[in-house]
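Okay, structure first, notes after.
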Amino acid sequence: MKRSHNIYKSFYFAIMGLLVALKEERNLKIQLGIFFLLLTIGFILRFEPFEWTIVLLSSSIVIVSEMINSVIERIMDYINPEFDDRIKTIKDMSASFVLIACLFSIIIFLILILNRFAPYIFGLNSCFNNHFKDFKLT
Ligand SMILES: Nc1ncnc2c1ncn2[C@@H]1O[C@H](COP(=O)(O)OP(=O)(O)OP(=O)(O)O)[C@@H](O)[C@H]1O
């Protein structure tokens with residue numbers, strides 16, 4: 001097998017892989033759409049650096065888990081395109097990566113939004129502002 005050790009070529013191949021995934025994976029497109037929606041909400045609400053960090057971290061986990069899931073599905077289809085109970089288990093478990101990442105990301109985003117509006121809704125001080133005030137960069 002021909003191998004490339006050139007860092008630019010490795011980067012190029014990785015970008016090509018990402019483009020193929022974006023073209024062929026419907027769920028990845030949906031997740032990227034949601035990611036851009038979250039970015040828009042972040043700009044509208046003027047997120048703090050620590051809020052951006054949390055949103056970017058949780059979004060990257062969702063996107064990477066979706067890509068790992070897609071890769072596992074393709075490997076399984078390549079190994080055995082026929083129905084097989086073991087492949088079913090592997091694919092279902094692989095799909096659960098994405099489910100877990102999405103569920104926790106939704107909870108994380110809800111906490112960020114609630115934290116923003118807690119003072120208006122409940123008349124409380126923002127719990128994050130109290131706990132994370134030392135981490136604020138601005
Ligand atoms: N070869 C197979 N043998 C047994 N079950 C399978 C097989 N292929 C798919 N399945 C079942 O169908 C489900 C969906 O698998 P598929 O490969 O079609 O993924 P998909 O519809 O592209 O999923 P996703 O939306 O996560 O990309 C799997 O989780 C599994 O339960």
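First listed ligand is number 1; within each ligand, the first listed atom is number 1. Just so we're clear, the structure is a prediction, and the values are computed from it rather than from any experiment. All heavy atoms count here, side chains included; hydrogens, waters and symmetry mates do not.
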Tell me whether the rings of Phe43 and Trp52 are parallel (<30°), tilted (30 to 60°) or perpendicular (>60°).
tilted
Would you confirm whether Ser65, through its side chain, and Ile61, through its main-chain N or O, come within 3.5 Å as a donor-acceptor pair?
yes
Closer than 3.5 angstrom, by distance alone: can the side chain of Ser60 be matched with the main-chain N or O of Leu57 as a donor-acceptor pair?
yes
When you look for protein heavy atoms under 4.0 Å from ligand 1, which residues do they belong to?
Asn27, Asn69, Glu73, Glu82, Phe83, Asp84, Ile87, Lys88, Lys91, Asp92
In the structure I gave you, are the side-chain heavy atoms of Phe11 and Asn6 within less than 4.5 Å of one another anywhere?
no
Check whether any side-chain heavy atom of Ile41 lies under 4.5 Å from a side-chain heavy atom of Val55, and answer yes or no.
no
Throw together a table of side-chain donor-acceptor distances under 3.5 angstrom for residues 13-24, partners on residues two or more places apart or in other chains.
unit_1: Glu24; atom_1: OE1; unit_2: Arg74; atom_2: NH1; d: 3.3
unit_1: Glu24; atom_1: OE1; unit_2: Arg74; atom_2: NH2; d: 2.7

